[in-house]
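Below is one structure; the comments refer to it alone.
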Amino acid sequence: LAQGVHRHTVVLLLSTMVRLEMKTDGHNKFWTIEQDDCEISITYGAIGATPRPTHKAYDSAEKAAAFMEKEIKAKKKKGYSEVGEDTKEPAAKKSKTDDGDKATTRLENRGDGHNKFWQITVSGCSTMVEYGAIGSTPKQSEKSHDSVAAAQKFKTSMLGKKKKEGYSEVGGASSIGGATGGGEPQLFIYGEPCTGLELEKRRDDWDGPDGEDDLCSGDHMHSKMSDAPGTAKTIADMLCEAMPKLEDTQMVMSSESSDGGEVIVIANPGDDAKVACLKALAVKEDNFAAASKAATISEKKWSDHCRLGFNRKTDDDFDPDEEFDEDMQEERGQFEAVLKGTTIMKDKLVKGFEFNFTDSFAVAPVIFGGYASDGNIVGILSSRVWT
């Protein structure tokens, strides 16, 4: 079995793109995945419509190939079938973010014994990424995009991902303080602080009300988890320890994407969880009314979810013994970790909820959470795609 998995992985390392389609039960949609060294590019959507792109980056080409293999298998299990590359979709739509910035942005990670850098330069429709140990000859990775706007979007997405890994922008803005006391809802995240827009981009690129504009502000800076209120932070740390592979675990089972999740804290939420989530995510002022109308809050009793996990419906026809065969031990481990996280949410949080949007927002944030004893929200942030 191990040899068979290894041979399959080698094939994926050499492959450029795999395209899957689903045309059964009224569906007419596609999904593609492409590996370029340590990077993964995914597009998806209705066949014939403008595809939606998303990007992921890994520490090695082997890890990227393993992710690609897992995602292909998961899609086929949902009813997708593999096709050739002769059917092409229109080029990705014009990016929602196009700030015209072509300067190099440099990040560094000097914490926990690290001494490394990562920087990205946009030049027209191309991006050049350089990385390595500070003071050494940098490694380089160049990527071509469909447009200048698409290159800028890739840059913003990667900045958000690297900041989650602990990199901080050289000369960048610091996070907003105020972990306790009154004030507006404030979001705390692991890794280095990032803007609302950078968080949006690294979490599948949420839609604004018209499907074109960005949902969240690039002017608002989220805060570091180390500055979060003590009780809420303790619970957040417990969730991270229980679910170490959360970023690689699909959170919204009905979604057409497979976005993972990250643990968050919202300080100063008040009693209205929906408003707290919208404000904490830094939804733009111009988008707030429409977003508030489309946003939903579903009350959740997490004790009812201990059998299948916080991210599945309690009445799902799902049997882990039937779902996970012998070569899916990693997926089973992720499922069991979610069960551990659900138990923590049951024991430590009250007024449980799921924050989501109606399908008028095709790509939107999702939060599974509740209130800690100190009155702050602890939750898992992810995304869902409904086209």
Any ion pair linking [Y] and [X] (charged N to carboxylate O, less than 4.0 Å)?
X      : Y      : result
Asp321 : Arg332 : yes
Asp327 : Lys73  : yes
Lys162 : Glu165 : yes
Glu200 : Lys284 : no

Considering the options Lys163, Arg202, Lys161, which one meets the salt bridge (charged side-chain N to carboxylate O under 4.0 Å, His left out) requirement together with Glu262?
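The option that passes is Arg202.
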Could you tell me how the ring of Phe335 sits relative to the ring of Phe318: parallel (under 30°), tilted (30 to 60°) or perpendicular (over 60°)?
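Phe335 vs Phe318 ring planes: tilted.
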Going through the checks in order, is the ring pair (Phe, Tyr, Trp, His ring centres under 6.0 Å) test met by Phe357 and Phe355?
CA-CA 7 Å; Phe357 281 74; Phe355 170 82; 5.4 Å; yes
Backbone N or O of [Y] within a donor-acceptor pair of the [X] side chain at under 3.5 Å?
X      : Y      : result
Asp112 : His114 : no
Ser123 : Ser126 : no
Gln250 : Val252 : yes

Answer yes if the side chains of Asp259 and Ser383 hold a donor-acceptor pair under 3.5 Å, and no otherwise.
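On atom types as modelled, these side chains qualify, holding a pair under 3.5 Å.
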When you check the side-chain N and O atoms of Ser157 and Lys153, is any donor under 3.5 Å from an acceptor?
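No, no side-chain donor-acceptor contact under 3.5 Å.
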Are any of the side-chain heavy atoms of Pro209 and Phe361 separated by less than 4.5 Å?
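The answer is yes; the side chains approach within 4.5 Å.
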Flag this pair as yes if the NZ/CZ of Arg384 is under 6.0 angstrom from the six-membered ring centre of Trp386 and inside a 45 degree cone about the axis; otherwise no.
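Output yes; distance and angle both within limits.
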